[in-house]
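Below is one structure, written out as structure tokens; comments come after it.
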Amino acid sequence: MTPHESLFEQAARALENARALVITAGAGMGVDSGLPDFRGNDGFWRAYPPYKELGLGFSSLANPRWFASDPTLAWGFYGHRLELYRATVPHPGFEILARFARRMADGYFVFTSNVDGQFQRAGFDPERIVECHGAIDFLQCTTSCGAGIFPAAPYRLKVDPTSFRAAEPLPKCLRCGAMARPNVLMFGDAHWDGSRTYAQEERLDAWFSGLPREARGRVVVIECGAGTAIPTVRSFSERIAKSLGGLLVRINVREPEVPSGHVGLPLGARAALSEIQLRFARGAQG
């Protein structure tokens, strides 16, 4: 028998019976697509060696102050990530989730702390995604001039692969010409424009409010790669599963612990979703 067989079966049977699906995701979701794992400074420095020499970890670099004090450093870090995310092909686990989502009588919603836009690139409806920390595919002005949020699509960043510094020209505000920055919630960030995320959250709340009574108890929450260091996604997953009487399926290599009665799988997203899909297909045929 495959390890975790009963848990795979429990998840598959719940999905067969479900009317609605909530997909939640943290940074671990992108690892199977080849995106770097920033867990701890060691993991971060493996992806970005020059920052180790500077003594800068992820939380130090992910700070809006660099756009004022050292913009080529700031845009080197975020520009490299922007181009990396643009070039990354979402792994097959995204399509498995999409297949589950398409079967739901009452629909689905995605809630993610990732800023990489991978769910949109995988074909998920942008109107059914909440990006609680913003998105790197959108920019805002560093001076809060009133330009609002605008797409990053017209901008291409050239980043030196040795120093991880960006070359001029750097992205500028469309309205006032000042330095632009990603519309991403950073550490110590008092000037993040959260209006796009707030609108996403309003759509999510409207969906929750519109779920019919018969959907209660027939909701599955599938969480992929969300850790405890910043527990926003994990807390959301547990709250939704409890309030809607649904099953939480937590997929996490290092931290799979779940409340009693739920499913915790110590695997990567692609592997766990593939196993669940296999058993789901058998049940659907039977």
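In this chain, numbering begins with 1 at the start of the sequence shown.
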[X] and [Y]: which non-hydrogen atoms are nearest, and at how many Å?
| X | Y | answer |
| --- | --- | --- |
| M186 | A62 | CB-O, 3.2 Å |
| T197 | C132 | CG2-CA, 3.8 Å |
| Y51 | G76 | OH-C, 4.0 Å |
| I136 | A152 | O-CB, 3.9 Å |
| I129 | D125 | CG1-O, 3.4 Å |
| W207 | L21 | CH2-O, 3.8 Å |

With rounding to the nearest 0.5 angstrom, report the [atom1] to [atom2] distance, [X] to [Y].
| X | Y | atom1 | atom2 | result |
| --- | --- | --- | --- | --- |
| R13 | I276 | CZ | CD1 | 11.0 Å |
| S195 | N183 | OG | CG | 7.0 Å |
| M179 | R181 | CE | CZ | 12.5 Å |
| K242 | S237 | NZ | OG | 14.5 Å |
| D116 | Y85 | CG | OH | 5.5 Å |
| R213 | R218 | CZ | CZ | 15.0 Å |

Close side-chain approach of [X] to [Y], heavy-atom, < 4.5 Å:
| X | Y | answer |
| --- | --- | --- |
| I23 | F111 | no |
| L157 | Y78 | no |
| Q120 | E131 | yes |
| L56 | W45 | no |
| F187 | F58 | yes |
| V249 | L7 | no |
| D137 | L82 | yes |
| P256 | L265 | no |

Q | Member of Y155, F67, W66, F164 meeting the ring pair (Phe, Tyr, Trp, His ring centres under 6.0 Å) criterion with W75 | A | F67
Does [Y] offer a backbone N or O that forms a donor-acceptor pair with the side chain of [X] under 3.5 Å?
| X | Y | result |
| --- | --- | --- |
| N114 | A27 | yes |
| S113 | H133 | no |
| E223 | I251 | no |
| H91 | S33 | no |
| S243 | I240 | yes |
| R279 | E275 | yes |

Should [X] and [Y] count as an ion pair when the cut-off is N to O under 4.0 Å?
| X | Y | value |
| --- | --- | --- |
| R250 | E238 | yes |
| E95 | R99 | yes |
| R65 | D189 | no |
| R165 | D160 | no |

Q.
I'd like to know whether T112 forms a side chain to side chain contact (heavy atoms under 4.5 Å, CB included) with V233, so could you lay out the CA-CA distance, the side-chain angles of the two residues, the decisive distance to 0.1 Å, and finally the verdict.
A. CA-CA 7 Å; T112 180; V233 173; 5.9 Å; no
Look at the side-chain heavy atoms of Ile, Leu, Val, Met, Phe, Trp and Tyr, link any pair under 4.5 Å apart, and say whether [X] and [Y] land in one connected group.
| X | Y | answer |
| --- | --- | --- |
| I149 | V130 | no |
| V221 | F8 | no |
| M29 | F236 | no |
| L15 | V219 | no |
| L273 | V263 | yes |

Q. Is the cationic atom of R128 (NZ for Lys, CZ for Arg) positioned less than 6.0 Å from the six-membered ring centroid of Y108 and within 45 degrees of its normal?
A. yes
Q: State whether F100 and R102 meet the cation-pi test: NZ (Lys) or CZ (Arg) under 6.0 Å from the six-membered ring centroid, and within 45° of the perpendicular axis.
A: no
**Q.** Modelled atom types, side-chain donor and acceptor of D193 and Q140, under 3.5 Å
**A.**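 Their side chains do not contain a donor-acceptor pair, so the 3.5 Å distance test is not met.
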Q. Any idea how F94 and F124 line up, ring-wise: parallel (<30°), tilted (30 to 60°), or perpendicular (>60°)?
A. perpendicular
Q.
I'd like to know whether CD of E53 has more than 12 heavy-atom contacts from other residues, nucleotides or ligands below 6.0 angstrom.
A.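 Atom CD in E53 is not crowded, with 12 or fewer foreign heavy atoms closer than 6.0 Å.
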(Q) For R270, is the CZ atom crowded, meaning more than 12 foreign heavy atoms sit under 6.0 Å from it? (A) no
Q) Hey, mind stepping through V115 and R81 against side chain to side chain contact (heavy atoms under 4.5 Å, CB included) and telling me if it holds? A) CA-CA 10 Å; V115 302; R81 291 173 65 195; 3.7 Å; yes
Q.
Test side chain to side chain contact (heavy atoms under 4.5 Å, CB included) on R234 and E257; report intermediate values, then the result.
A. CA-CA 10 Å; R234 288 172 75 98; E257 297 79 15; 4.3 Å; yes
(Q) Quick check: H80 with F77 (ring centres under 6.0 Å apart)? (A)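 No, too far apart.
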Q. Given T24 and I222, is the side chain to side chain contact (heavy atoms under 4.5 Å, CB included) satisfied, shown in steps?
A. CA-CA 6 Å; T24 66; I222 299 182; over 6 Å; no
Q: Could you list the residues that satisfy salt bridge (charged side-chain N to carboxylate O under 4.0 Å, His left out) with R46, not counting sequence neighbours?
A: none
